[in-house]
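The structure under discussion appears below in the form of structure tokens.
Below, chain A is the first sequence line, B the second, and so on; all start at residue 1. Computed over heavy atoms, backbone and side chain alike; hydrogens, waters and symmetry mates excluded.
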Number of protein chains: 2
Amino acid sequence: MKNIEEYCKDKNIKLTPVRHKVLELLQNEKSGLGAYRILDLLREAGFNSQPPVAYRALDFLVEHGFVHKIESQNSFVACTDPGVHHSPVFMICKKCESVSEAPTFETASNISDALMATGFNVEQTIIEAEGVCSTCSEQ
Amino acid sequence: MKNIEEYCKDKNIKLTPVRHKVLELLQNEKSGLGAYRILDLLREAGFNSQPPVAYRALDFLVEHGFVHKIESQNSFVACTDPGVHHSPVFMICKKCESVSEAPTFETASNISDALMATGFNVEQTIIEAEGVCSTCSEQ
DNA sequence: AAACCTCATGATATAATATAACATTACATA
DNA sequence: TATGTAATGTTATATTATATCATGAGGTTT
Ligand SMILES: [Zn+2]
Ligand SMILES: [Zn+2]
Ligand SMILES: [Zn+2]
Ligand SMILES: [Zn+2]
């Protein structure tokens, strides 16, 4: 969070209170949060709680790479390596519902390269793996 | 379609009229169709058009591997290699909106292997690449 | 045939996710 | 002060998806 605050200050990006709060909420969760769950939590924290409030904050955070959307869940997670451009691979545990970004091996770029070879020009990849995390596997 | 009809007959899977129609609609489209678009088309074709009708047919078709859901679009596409279990990689063109399954190189299994090495046990992967297809690139 | 079971469909309602549109405010700076 | 821009407030509505209970169509068992 400190890093992000500094990054925003440096780049003159406005991490307003509601944006800061949404990011904080996501950073405190290891599973994804839906927009309406975030909205509830914002309300509890005394913020305005109409849907556009949450979606605007999320749009901002996603746009700047501080948060990712998990497409298969319509949920959002804080990025674990913000500020660095990357193509994340998510590991979604069916048991504990945790969502984590895989350490980046070259998966996304491998896919891009392979698809490029077929003539398709990749701009962005969405990679989500569902399964069971190491912690849950041990049990 | 003929193949699927035979496959269903063999395995005693019931490809009922509404399921058949939904599959046909998807096979005639090169882009993904949303459930409510499908519902409209069903209505035009004289079918009952309440939401559960479309969702039930889609659930059935997805479950049997005849159709895939495109998570980033909340849309559905007909599988181009049905009956064979696979982990598809989708190429989604921003310009013409076409959705195609990439010829299977071992991408999904590579990812699975790499994640397995970190302790995560992959059961299913969702891979969607957004970009520009070869046809649209040429223009 | 009658009873039963199972799966599919019909029908109504509602939940969950997301955006449109326009008004207002805050703040930088000319 | 005036003016432009980005952010927020507010209301309404669009889009996607599921819950629930009733009805029907086919087989199987008795
Ligand atoms: Zn990230
Ligand atoms: Zn787990
Ligand atoms: Zn397929
Ligand atoms: Zn194209």
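- A distance of 9.5 Å separates CD1 of A:I38 from CD of A:E29, quoted to the nearest 0.5 Å.
- With hydrogens and angles left out, the side-chain atoms of B:E128 and B:S72 include a donor and acceptor closer than 3.5 Å.
- Side-chain contact between B:V67 and B:V22 is absent, with no heavy atoms from C-beta onward closer than 4.5 Å.
- The distance between atom CG of A:L39 and atom P of D:dT8, rounded to the nearest whole Å, is 14 Å.
- Put simply, NE2 on A:H64 is 13 Å from C1' on D:dA7, counting in whole angstrom units.
- In this structure, A:H20 places its NE2 atom 16 Å from P of D:dA7, rounding to the nearest Å.
- Terminal axes of the helix from C:dA1-D:dT30 to C:dA30-D:dT1 (five pairs each, C1' rotation axis) are separated by 10°, to the nearest 10°.
- With sequence neighbours excluded, no residue forms a side chain to side chain donor-acceptor pair (under 3.5 Å) with A:H64.
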Per-nucleotide protein contact string for nucleotides 9-19 of chain D (B base, S sugar-phosphate only, - none; heavy atom under 4.0 Å): BBB----BBBB

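- For the pair B:N12 CG and C:dT6 C1', the computed distance is 13 Å after rounding to whole Å.
- The distance from atom CG of B:L15 to atom P of C:dC7 is 17 Å, rounded to the nearest whole Å.
- Summarising the geometry, the separation between NZ on A:K14 and P on C:dT25 is reported as 19 Å, rounded to the nearest angstrom.
- Heavy-atom minimum distance, B:S137 versus A:N121: OG-CB, 4.2 Å.
- Closest of all the heavy-atom pairs between B:V132 and B:C136 is CG1-CB, 3.6 Å.
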Ring pair (Phe, Tyr, Trp, His ring centres under 6.0 Å) evaluation trace for B:H68 with B:F90: CA-CA 10 Å; B:H68 299 294; B:F90 296 103; 5.3 Å; yes

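- Salt bridge annotation for B:K21-B:E24: present, with a cationic side-chain nitrogen under 4.0 angstrom from a carboxylate oxygen.
- To the nearest angstrom, C1' of C:dT9 lies 17 Å from CZ of B:R43.
- A:I38 has its CD1 atom 11 Å from the P atom of C:dT17, to the nearest Å.
- Counting non-hydrogen atoms of other residues, nucleotides and ligands closer than 6.0 Å to CD of A:Q27 gives a total above 12.
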